[in-house]
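Worksheet for the structure shown next.
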Amino acid sequence: MAHSIGLGMIGMNEKSDRILKGVLHDQVIPANNIHVVESDASKRAAYLDMGVHCEPDVSTSTLRSEIMILSVDRKELSTTLSSICGVTRGKILVSMVENRNCEYIQSRVAKATNVVCVEQKEEDGKLVSRLTYSERFPNHMKSAVNDIFKSIGSIETAE
């Protein structure tokens, strides 16, 4: 099912590339609604060929998206969060940063930001994403987040 929401992607790496390809393959979100932050010219060209938007900075991507997937290195997390903390209110921030829980992320962004933390592991040759939702996460948005991660494997939800 296609969701007509904006998806921003910050920190393009192997994991986020896999998600982008899965989302596009399964038509979870239309390519025109996806906003990738990428500075490398050859990677930008490849993303543009996929039909997604390449934004010049993380703030622009965040402003144009309801859901943001954050795949930065742990060392870059504080800098990245400080650059978007003023524009995350009412948005969904999906963190794929290892060893950082929802409370940690939520304490560094605007109040009323909804956070999902994702841990991924391989089980029997298949990717499993464990999703932990922040307190008071809106139920109506869980299906979009779940569908994004179902496009690359199976999901588990932490209670």
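For the single chain, residues carry numbers from 1 onward in sequence order. Small disclaimer: the values here were computed from a predicted structure and weren't measured.
The side-chain heavy atoms of Lys111 and Arg89, taken from C-beta on, include a pair separated by under 4.5 Å. By the 4.5 Å heavy-atom criterion applied to side chains, Thr132 and Val115 are not counted as neighbours. The closest side-chain heavy-atom distance from Met9 to Val37 is not below 4.5 Å. Contact check for Asp17 versus Tyr47: side-chain heavy atoms found under the 4.5 Å cut-off. Annotation: side chain of Val94 is not in contact with side chain of Leu70 (no heavy-atom distance under 4.5 Å). No side-chain heavy atom of Thr60 sits under 4.5 Å from any side-chain heavy atom of His35. Within the 4.5 Å cutoff, the side chain of Gln120 has heavy atoms near those of the Lys15 side chain. Between Asp147 and His3, some side-chain heavy-atom pair lies under the 4.5 Å cut-off.
Looking at residues two or more places apart in sequence or on another chain, you find a side chain to side chain contact (heavy atoms under 4.5 Å, CB included) between Pro138 and Asn114, His140, Met141. In this structure Arg64 satisfies the salt bridge (charged side-chain N to carboxylate O under 4.0 Å, His left out) test together with Glu55, sequence neighbours excluded. Applying the side-chain hydrogen bond (donor to acceptor under 3.5 Å, both in side chains) rule to Asn32 yields the partners His53; only residues at least two apart in sequence or on another chain are considered. Remark: Arg18 engages no residue in a side-chain hydrogen bond (donor to acceptor under 3.5 Å, both in side chains) (not counting sequence neighbours).
Between the side chain of Ser151 and the backbone N or O of Ile148, at least one donor-acceptor pair lies under 3.5 Å. With hydrogens and angles disregarded, a donor-acceptor distance shorter than 3.5 Å links the side chain of Thr113 to the backbone of Ala110. When atom types are taken as modelled, the side chain of Arg44 and the backbone of Glu38 share a donor-acceptor pair closer than 3.5 angstrom. Ser16 places no side-chain N or O within 3.5 Å of a backbone atom of Ser71 that could act as its donor or acceptor partner. The backbone N or O of Ser154 sits nowhere less than 3.5 Å from a side-chain atom of Lys126 that would complete a donor-acceptor pair.
The hydrophobic clustering, which links ILVMFWY residues whose side-chain heavy atoms are closer than 4.5 Å, places Val109 and Ile92 apart. Two different hydrophobic clusters hold Val116 and Met68 under the rule that ILVMFWY side chains link at heavy-atom gaps under 4.5 Å. Hydrophobic clustering (ILVMFWY, side-chain heavy atoms < 4.5 Å, transitive): Leu77 and Ile67 are in distinct clusters. Hydrophobic clustering places Val145 together with Leu20 (ILVMFWY residues linked when any side-chain heavy atoms are closer than 4.5 Å, directly or through intermediates). In terms of hydrophobic clustering, with Ile, Leu, Val, Met, Phe, Trp and Tyr side chains grouped at heavy-atom distances under 4.5 Å, Val72 and Ile84 are assigned to a common cluster.
The two residues Val52 and Leu48 have their closest heavy-atom pair at O-CD2, 3.5 Å. A pairwise comparison of heavy atoms in Ser65 and Gly8 identifies OG-N, 3.1 Å as the closest pair.
A distance of 5.0 Å separates CG of Leu127 from CD1 of Ile152, quoted to the nearest 0.5 Å. Atoms CD and CG, on Glu66 and Asn33 in that order, are 8.0 Å from each other to the nearest 0.5 Å. Atoms SG and CZ, from Cys117 and Arg130 in turn, are 12.0 Å apart once rounded to the nearest 0.5 Å. Atom-to-atom distance recorded for Ile29:CD1 and Leu7:CG is 4.5 Å, nearest 0.5 angstrom. Between Leu93 atom CG and Leu81 atom CG the span is 6.5 Å, to the nearest 0.5 Å. The distance from the CD1 atom of Ile34 to the CD1 atom of Ile5 is 9.5 Å, given to the nearest 0.5 Å.
Remark: Lys121 engages Glu123 in a salt bridge, criterion side-chain N to carboxylate O under 4.0 Å.
Within the structure, ring pair (Phe, Tyr, Trp, His ring centres under 6.0 Å) pairs that include any residue of residues 118-137 comprise Tyr133-Phe137 (at least two apart or interchain). Contacts classified as ring pair (Phe, Tyr, Trp, His ring centres under 6.0 Å) and involving residues 69-120 (residues at least two apart or in different chains) are not found.
Heavy-atom contacts from other residues, nucleotides or ligands closer than 6.0 Å to CD of Glu156 number more than 12. Within 6.0 Å of CD in Glu122 there are more than 12 heavy atoms belonging to other residues, nucleotides or ligands.
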| Taking it one step at a time, do Thr62 and Ile10 satisfy side chain to side chain contact (heavy atoms under 4.5 Å, CB included)? | CA-CA 9 Å; Thr62 304; Ile10 299 173; 4.0 Å; yes
| request: Before giving the answer on side chain to side chain contact (heavy atoms under 4.5 Å, CB included), spell out for Met96 and Ile19 the whole-Å C-alpha distance, their side-chain angles and the decisive distance to 0.1 Å. | output: CA-CA 11 Å; Met96 297 185 59; Ile19 291 169; 3.3 Å; yes
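Under 3.5 Å, the side chains of Asp57 and Ser59 contain no donor-acceptor pair of N or O atoms.
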